[in-house]
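Okay, so here's the structure we're looking at.
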Amino acid sequence: MIDATRRKEILKRGKPNPPWRGEPLLGGMYGEEEVEAAVSAIRIAMDVSVGFGFSAQHIVDFEKAFAQYVGTKHAVAINSAGPGLDMVMRYLRLEPDEEVIVPAINFMAAPLAVMGVGAKVVWGEINPRTFQLDPNDVEKRITPKTRAIFPVHMNGLSAPMDDFLELAKRHPHQKHGPLMVIGDCARACGGGYRGTKIGKRGDVNIFSLHTMKNITTLGEGGMITTDNDDIERYCRSVRFYGGETEDWGTSNVMTSVQAAVGSVQLKKLDGFIAARRKVAYRRHELLEGIPEITLPFEPDDCEHSFYLYTCLVCEEWAGEKRDTLVKMMNEEFGAGCVVANPPVYELCKLVREYTAGQSLPLSESIGKRLFCVSLHPIMTEEDNEYIAASLIECVERLRKM
Ligand SMILES: *Cc1c(COP(=O)(O)O)cnc(C)c1O
């Protein structure tokens with residue numbers, strides 16, 4: 001931990017400029033390579049017989065490189081992760097009384113996708129140390145109506161996919177066989193799990209390439225990875241009005257320019273993750289030993305991508321005191337901090353009404369304790385020190401409040 005004298009020196013330097021947001025945007029990771037790739041893709045598209053078309057070679061190449069990176073047979077490029085989650089839900093052809101288990105501590109996209117097809121959202125509890133959907137809790141919630149387990153690789157760390165796959169096999173649906181295991185990888189591109197990349201394990205996984213995520217295709221984009229030929233064929237068809245399978249679809253395609261830039265970003269991804277991990281591990285050193293704060297945990301079988309640096313305040317500081325801490329960090333120190341995420345049903349009225357009657361005590365209590373301290377691959381040692389010193393300063397003040 002940084003001692004008091006050193007802390008004063010660090011804080012004297014003043015707020016970082018530009019200030020770090022809680023979830024910083026990725027534009028800062030772009031270089032001339034991305035600019036050149038985009039310009040060159042535009043030049044190719046200027047040929048009237050080529051255009052920006054969805055079968056452009058850049059898209060084929062990006063999909064191939066992505067599949068190879070993750071280690072899956074297929075990758076299907078789409079315009080955003082959300083529509084990918086929707087597609088996979090439609091693929092399941094769920095009946096209104098059929099159930100999908102999703103973590104309560106989550107972004108709203110996964111439960112909204114289940115709602116979108118009119119099926120039942122069943123909330124699962126998380127492991128309070130990893131923030132991932134807890135297989136032991138999931139097992140208790142499986143019923144004859146369960147069709148899928150829908151973990152989210154929260155905040156850059158892998159969900160325990162092998163445990164879910166094992167549950168899926170052991171509790172098959174009577175008609176459809178093993179439950180589907182679907183991963184929302186939006187925040188976890190480039191992370192690892194048991195010697196594989198996140199996005200490999202599970203029946204199908206969906207990535208976001210939005211401007212906030214670990215890599216981005218000009219601000220929006222997504223990718224679906226799977227080893228399953230049928231899922232691949234379905235997603236490829238419905239991403240453009242149903243195509244060859246003649247299923248219901250709309251347009252969810254990526255452009256050739258985005259894909260060209262995506263291929264460049266993908267080559268840099270391991271470097272970005274290494275940089276994130278370096279900032280995170282240095283921060284562990286700067287912060288360790290604060291009794292009121294629990295630092296992020298990385299299980300031995302995972303390589304955390306540190307999309308977010310997720311901490312917990314002690315139980316006594318849950319709620320109001322945590323909120324004060326986050327506010328102080330942002331407003332007084334300019335050290336970005338977010339709460340990502342409380343249970344979805346607490347924030348989103350639509351989801352709350354849809355899942356009325358379900359309450360998840362553990363997720364609710366963790367939702368009052370967690371907070372994420374800004375982290376970004378190009379964050380300097382000075383800014384990392386400043387952010388850590390700010391957090392310690394805030395904790396000291398809160399002790400006296
Ligand atoms: C960002 C995010 C999404 C949505 O990604 P888009 O590409 O913006 O559609 C879905 N799930 C999680 C967990 C996210 O963080």
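Just follow the structure's listing: the first ligand is 1, and inside any ligand the first atom is 1. One is the number of the first residue; the rest follow in order along the sequence.
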Is there a polar contact, in the sense of an N or O pair closer than 3.5 Å, between [X] and ligand 1?
{"X": "L209", "value": "no"}
{"X": "S80", "value": "yes"}
{"X": "A186", "value": "no"}

For atom 7 (O) of ligand 1, find the nearest protein heavy atom and state the residue, atom name and distance (0.1 Å precision). S208 OG, 2.6 Å
Give me the nearest non-hydrogen protein atom to atom 11 (N) of ligand 1 as residue plus atom name, then the distance to 0.1 Å. D184 OD2, 2.7 Å
So, [X] side chain and [Y] main chain: donor-acceptor pair closer than 3.5 Å or not?
{"X": "T225", "Y": "G199", "value": "yes"}
{"X": "K368", "Y": "R322", "value": "no"}
{"X": "Y386", "Y": "F333", "value": "yes"}

List every atom of ligand 1 that sits less than 4.0 Å from any heavy atom of [X], numbering the atoms from 1 in the order shown and giving each element.
{"X": "G221", "answer": "7 (O)"}
{"X": "V152", "answer": "13 (C)"}
{"X": "A109", "answer": "10 (C), 11 (N)"}
{"X": "F107", "answer": "2 (C), 3 (C), 10 (C), 11 (N), 12 (C), 13 (C), 14 (C)"}

Centre-to-centre under 6.0 Å for H284 and Y309, is that the case here? yes
Ring centres of F207 and F66 under 6.0 Å apart? yes
Contact between ligand 1 and K213 is defined here as a heavy atom of the residue under 4.0 Å from a ligand atom; is it met?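 In this structure, K213 qualifies as a contact of ligand 1 - some heavy atom is under 4.0 Å.
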May I ask you to decide if the ring planes of H376 and W20 are parallel, tilted or perpendicular, using 30° and 60° as cut-offs? tilted
Non-hydrogen side-chain atoms of F297 and L157 separated by less than 4.5 Å: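 Heavy-atom side-chain distance check fails, nothing below 4.5 Å.
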Taking only Lys NZ, Arg NE, NH1 and NH2, and the carboxylate oxygens of Asp or Glu, determine whether R147 and E95 approach each other closer than 4.0 Å.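 Not counted as a salt bridge, because no side-chain N and carboxylate O are separated by less than 4.0 Å.
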If you measure from each non-hydrogen atom of N106 to ligand 1, which part falls under 4.0 Å: side chain, backbone, both or neither?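 N106 to ligand 1: no contact under 4.0 Å from either part.
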Out of R233, R239, R90, R93, which one pairs with D247 under the salt bridge (charged side-chain N to carboxylate O under 4.0 Å, His left out) rule? R93
For atom 15 (O) of ligand 1, state which one of R187, M223, E220 supplies the nearest heavy atom. R187
Nearest heavy atom to atom 4 (C) of ligand 1: which of A81, G156, A188 does it belong to? A81
